[in-house]
**Q** 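Take this structure, written in structure tokens, and hold onto it; I'll ask about it next.
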Amino acid sequence: MSEVSKAITPGSRVTLRYRMVLEDGTVADESGDEPLEFTVGDGTLIAGLESMMTGMTAGESATLLVTPEQGFGYRDIDNVHPMPREEFPEKLPLTRGTIIGFTSPSGEEVPGMVLEADDESVQIDFNHPLAGHTLQFDVEILAVE
């Protein structure tokens, strides 16, 4: 009697290999040699990707497209803020693309990316770096518990 493969459902413990690719073909993240283990719904993966994997079983592979609505949302111009240059350490490099950790009023650590800087001010983008992107996930389900 063969064992029936368990399908991914909320709360399932899943082991998988994945690769996340941007629209231009850049590999933004991948599991590499170590498969990722997580519990569906624990926040490890974006909910849009988890919902697309629902029903998949061990041994299945798929290419899944996650739109901004299902992933990290769209870029919001209101999340770009000018800050006085004097609020940053003098020796801190403020070149385009530099990621800096900030503490929000609630005490949460949030990353911001430098868009531009001059002697007077620094434009910081607090949007998620993957906001606005449609992401391709190549997934291989290794185990479902």
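Along the sequence shown, residues carry numbers from 1.
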**Q** Is there a side-chain contact between Glu108 and Phe102, using heavy atoms and a 4.5 Å cut-off?
**A**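 Counting from C-beta outward, Glu108 and Phe102 never come under 4.5 Å.
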**Q** Linking I/L/V/M/F/W/Y whenever any side-chain heavy atoms sit under 4.5 Å apart, do Leu45 and Val21 land together?
**A**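 No, separate clusters.
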**Q** Could you give me the CA-CA distance, side-chain angles and deciding distance for Asp76 and Asn127, then say whether side-chain contact (heavy atoms from CB on, under 4.5 Å) is met?
**A** CA-CA 7 Å; Asp76 182 351; Asn127 286 289; 3.7 Å; yes
**Q** Does any non-hydrogen side-chain atom of Gln136 lie less than 4.5 Å from one of Asp138?
**A**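 Side-chain contact under 4.5 Å: yes.
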**Q** Between Glu50 and Gly41, is there a donor-acceptor pair closer than 3.5 Å when you use the side chain of the first and the backbone of the second?
**A**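 Side chain of Glu50 to backbone of Gly41: a pair is present.
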**Q** If you define the side chain from C-beta out and look only at heavy atoms, does anything of Pro89 sit under 4.5 Å from Lys91?
**A**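 They are not in contact (no side-chain heavy atoms under 4.5 Å apart), so the answer is no.
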**Q** Leu142 and Val14: same hydrophobic cluster, using ILVMFWY side-chain contacts below 4.5 Å?
**A**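 Unlinked, Leu142 and Val14 end up in two clusters.
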**Q** In this structure, is the centre-to-centre distance between the rings of Phe126 and His81 below 6.0 Å?
**A**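 Yes, close enough.
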**Q** Going hydrophobic residue to hydrophobic residue with side-chain gaps under 4.5 angstrom, can you get from Leu22 over to Met52?
**A**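 Yes.
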**Q** Is there a side-chain contact (heavy atoms from CB on, under 4.5 Å) between Leu64 and Met53? Walk through the geometry before answering.
**A** CA-CA 8 Å; Leu64 306 170; Met53 293 189 313; 3.8 Å; yes
**Q** Tell me if the CD atom of Glu120 is crowded by more than 12 foreign heavy atoms within 6.0 Å.
**A**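 No, CD of Glu120 has 12 or fewer neighbouring heavy atoms, counting only those of other groups under 6.0 Å.
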**Q** What's the separation between atom CE in Met20 and atom CG in Leu135, rounded to the nearest 0.5 Å?
**A**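 It comes to 6.0 Å.
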**Q** Going by the side-chain contact (heavy atoms from CB on, under 4.5 Å) test, name the single residue among Ile8, Thr57, Thr15 that passes it with Ile141.
**A**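 Of the listed options, the one satisfying the test is Ile8.
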**Q** Please determine whether side-chain contact (heavy atoms from CB on, under 4.5 Å) holds for the pair Phe72 and Val66, giving the CA-CA distance in whole Å, both sets of side-chain angles, and the decisive distance to 0.1 Å.
**A** CA-CA 9 Å; Phe72 295 96; Val66 177; over 6 Å; no
**Q** Does Thr103 reach the main-chain N or O of Gly107 with its side chain, forming a donor-acceptor pair under 3.5 Å?
**A**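 Here the side-chain-to-backbone pair does not exist.
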**Q** Could you go step by step and tell me if Gln123 and Asp125 meet the side chain to side chain donor-acceptor pair (under 3.5 Å) rule?
**A** CA-CA 7 Å; Gln123 293 288 323; Asp125 185 351; over 6 Å; no
**Q** Would you call Arg13-Glu37 a salt bridge at under 4.0 Å N-O?
**A**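 Here Arg13 pairs with Glu37 in a salt bridge, since their nearest N and O are under 4.0 Å apart.
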**Q** Should we count CG of Asp33 as having more than 12 external heavy atoms under 6.0 Å?
**A**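 Counting neighbours around CG of Asp33, 12 or fewer heavy atoms of other residues, nucleotides or ligands fall under 6.0 Å, so no.
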**Q** Which value, rounded to the nearest 0.5 Å, describes the distance between Arg17 atom CZ and Ser31 atom OG?
**A**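 Those atoms lie 6.5 Å apart.
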**Q** Answer yes if Val80 and Phe88 sit in the same cluster of Ile, Leu, Val, Met, Phe, Trp and Tyr residues linked by side chain heavy atoms under 4.5 Å apart, and no otherwise.
**A**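 Shared cluster, no.
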**Q** Using every non-hydrogen atom in the two residues, find where Ala131 and Arg75 come nearest and quote the distance to one decimal.
**A**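 Shortest heavy-atom contact: O-CG, 3.7 Å.
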**Q** Between CD of Glu145 and OG1 of Thr39, what distance do you get to the nearest 0.5 Å?
**A**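 If we round to the nearest 0.5 Å, Glu145:CD and Thr39:OG1 are 9.0 Å apart.
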**Q** Would you mind reporting whether Val114 and Ile100 have side-chain heavy atoms less than 4.5 Å apart?
**A**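 Side-chain contact under 4.5 Å: yes.
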**Q** Contact between Thr134 and Pro68 at the side-chain level, heavy atoms closer than 4.5 Å - yes or no?
**A**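 Answer yes - side chains close enough.
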**Q** So how far is it from Leu115 CG to Leu94 CG, rounded to the nearest 0.5 Å?
**A**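 Rounded to the nearest 0.5 Å, the CG-CG separation comes out at 12.0 Å.
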**Q** Please tell me whether Leu49 and Tyr18 are part of a single hydrophobic cluster in this structure, the criterion being side-chain heavy atoms less than 4.5 Å apart.
**A**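 Same cluster: Leu49 reaches Tyr18 through Ile, Leu, Val, Met, Phe, Trp or Tyr contacts under 4.5 Å.
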**Q** Starting from the C-alpha separation in whole Å, work towards a yes-or-no answer on side-chain contact (heavy atoms from CB on, under 4.5 Å) for Arg85 and Ser121.
**A** CA-CA 4 Å; Arg85 174 63 178 97; Ser121 82; 5.8 Å; no
**Q** To the nearest 0.5 Å, what is the distance between NE2 (His128) and NE2 (His133)?
**A**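 Those atoms lie 10.0 Å apart.
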**Q** At their closest point, which heavy atom of Ala7 faces which heavy atom of Ser12, and how far apart are they?
**A**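 Here Ala7 and Ser12 meet closest at O-OG, 3.8 Å.
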**Q** Rounded to the nearest 0.5 Å, what separation is found between the OG1 atom of Thr63 and the CG atom of Leu65?
**A**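 Interatomic distance, Thr63 OG1 to Leu65 CG, rounded to 0.5 Å: 8.0 Å.
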**Q** Would Ser51 and Thr54 count as a side chain to side chain donor-acceptor pair (under 3.5 Å) here? Give the steps.
**A** CA-CA 5 Å; Ser51 70; Thr54 298; 5.9 Å; no
